[in-house]
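Single-structure report; data block below.
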Amino acid sequence: MIYMNNAATTFPKPPEVIEAINDYLTKLPIDFTRTGLKAKVKNYSAELREIAGEFFNCKDTHNVIMTSGSTEALNLALKGFRFNNCNIIATQIEHNSVLRPLNYLAKFGVETRIANADSTGFVQMAEIEKLIDKNTQAIVINHCSNVTGAVQDIKTISKIAKEYGIKLIVDGSQSAGVINVDLAELDVDAFAITGHKSLYGLTGSGMLLLKKEHKIEPLKHGGTGVYGNLTTQPEDFPYRYESGTLNYPGIIAMTEGIKWIMKVDIDNINLRKRKLWRLMYENLHHNEKIKIYFSEEHNSYGVFTFNIDGISAEEVNFILENSFRIIARAGLHCSPYSAMAIDSYPQGSVRVSPSYFTSEEEIYTFITAVNKICDSNYGTEDEDSSI
Amino acid sequence: MKILQFEKVDNCLDAKNVYDFVLDSIIDENFINYLAKLGKLTYIHIFENPFFRIICRGKYTLRGSLNNQIVRCLLPDEFEMNDVEELKKYILNYD
């Protein structure tokens, strides 16, 4: 099998990640907060906070809150700020991890305004700015489109948000570990991250990087391992936000994943992905049957999304998987408005996402497969294909 | 042919009602020809593992590939469960 669905979950993981998890699982599970052996027991969450602070350049500005992924991080930010009777601006490229919490907030009088993206998945600042009024309390935006790979101009959006005094919440699911993210430069209020994608960690892990000046409401309440005498949630960080036993394998995997990225260098990782993306593009874009969805100017090179004329995305994906043993992904990619923006709604598109570990040979196998599907000269839209 | 699993596919956009038949043996040409008696066969032989589609008009469309163990069944919005049960029996009767 050739795995090219890394925008969903990366595979394989760096050996350092696997070794660290194995090491954790074979050691005594002594909780750092409950032992006098502190010199011998690692404080895993403190280590991740340190590494993540360095990697995202936010040590002095943001708190690192452990979550189960981007979805929880976004829920924490969107619900924790206690927005009510206001409007929040989102965009057409949002994932359901943003759209669904926003729709939930409607019961608190929160109106969601959707800024249009262009046909490449890029959102022009003017599209956001024209929706801002005195009742706007936040902008929430996907840093990198999981459909087209378009990277948004967060720096400019942040500047405008500051001018209007509104909060900026950014979904970093497809940017963390893909492109360089410098929060000191981007100056966002909350940045949501998942561990299992390009940080090479595990599913069920993530972080919210929240500006230290914000004290928002926690999503969960419960045991923290410390302050056992308190029957109310501790107020101080990180206990305010982190209840229940933490996902240490996930935390360790994220730590080692980030260390690995820092060792290889994120620019080298992106360069590698850019090379693989270009290989696919140069070999397929001349084919008139193939429509590729991407942003020339703002491309993260994390995803290669396309459709083949006359064959549904689902069927192309089925053929890739079953006839060529290539794992890709078809559908709306949990971002229905993105499909509308790029005009692939309702059938969706096929998304291929190589990783740093994908070989050029695997890319050529994919290119050959797509060309063969095109050459097969059949379609699902012919008159005999309806069910 | 035994059916190991019969499960609904919830994330396929091609039809509202999609089911996968997971078979106990790999699909060979004889089995494809057997299924082809149910409708109109399209067979794409140039793929590494040839792909087939069988359209049984008004009832369902079947998809699969040679050397695999899955037959995907796409049903119209309004369908008769009896058609699916008959298909199940038809597959089970193959030897």
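This one's a predicted model, so the numbers in the text were calculated from it and none came from an experiment. These numbers come from the heavy atoms of this one structure, side chains and all, not from hydrogens, waters or symmetry mates. Letters A, B, ... are given to chains in the order of the sequence lines, protein chains preceding strands, and every chain is numbered from 1.
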Checklist line | OH/A:Tyr337: more than 12 non-hydrogen atoms of other groups inside 6.0 Å | finding: no

Next item on the list: Please tell me if the side chains of A:Lys372 and B:Ile44 come closer than 4.5 Å, counting only heavy atoms from C-beta onward.
Entry: no

Item checked: Donor-acceptor contact below 3.5 Å, side chain B:Asn68 vs main chain A:Asn322 -> yes

Check: Considering all heavy atoms of both residues, which atom of B:Asp14 and which atom of A:Ser312 are nearest to each other, and what is their separation?
Finding: OD2-OG, 2.6 Å

Check: Is it true that atom NZ of B:Lys89 has more than 12 heavy atoms of other residues, nucleotides or ligands lying nearer than 6.0 Å?
Finding: no

Check: Among B:Leu13, B:Asn67, B:Asn11, who wins on heavy-atom pairs under 4.5 Å with chain A?
Finding: B:Leu13

Next item on the list: Would you give the length of the straight line joining atom OG1 of A:Thr365 to atom CD of B:Glu48, rounded to the nearest 0.5 angstrom?
Entry: 8.0 Å

Check: Heavy-atom count around A:Arg325 CZ within 6.0 Å, excluding the residue itself: above 12?
Finding: yes

Note to self: If you count every heavy atom of other residues, nucleotides or ligands that lies below 6.0 Å from A:Tyr364 atom OH, does the total exceed 12?
What the structure shows: no

Next item on the list: Please check if atom CD in A:Glu361 has more than 12 non-hydrogen atoms from other residues, nucleotides or ligands closer than 6.0 Å.
Entry: no

Notebook entry, point to check: Measuring from B:Phe52:CZ to A:Ser323:OG, what's the distance to the nearest 0.5 Å?
Noted result: 9.5 Å

Check: In terms of the angle between their ring planes, are B:Phe51 and A:Phe318 parallel, tilted or perpendicular, with boundaries placed at 30° and 60°?
Finding: perpendicular

Next item on the list: Any chance you could measure B:Asn49, atom CG, to A:Glu321, atom CD, to the nearest 0.5 Å?
Entry: 12.0 Å

Checklist line | Interatomic distance, B:Phe47 atom CZ to A:Thr368 atom OG1 [nearest 0.5 angstrom] | finding: 12.5 Å

Next item on the list: Step through the shown structure and confirm whether more than 12 heavy atoms of other residues, nucleotides or ligands are within 6.0 Å of CD on B:Glu78.
Entry: no

Note to self: For the CD atom on B:Glu7, are there more than 12 heavy atoms of other groups (residues, nucleotides or ligands in this structure) within a distance under 6.0 Å?
What the structure shows: yes

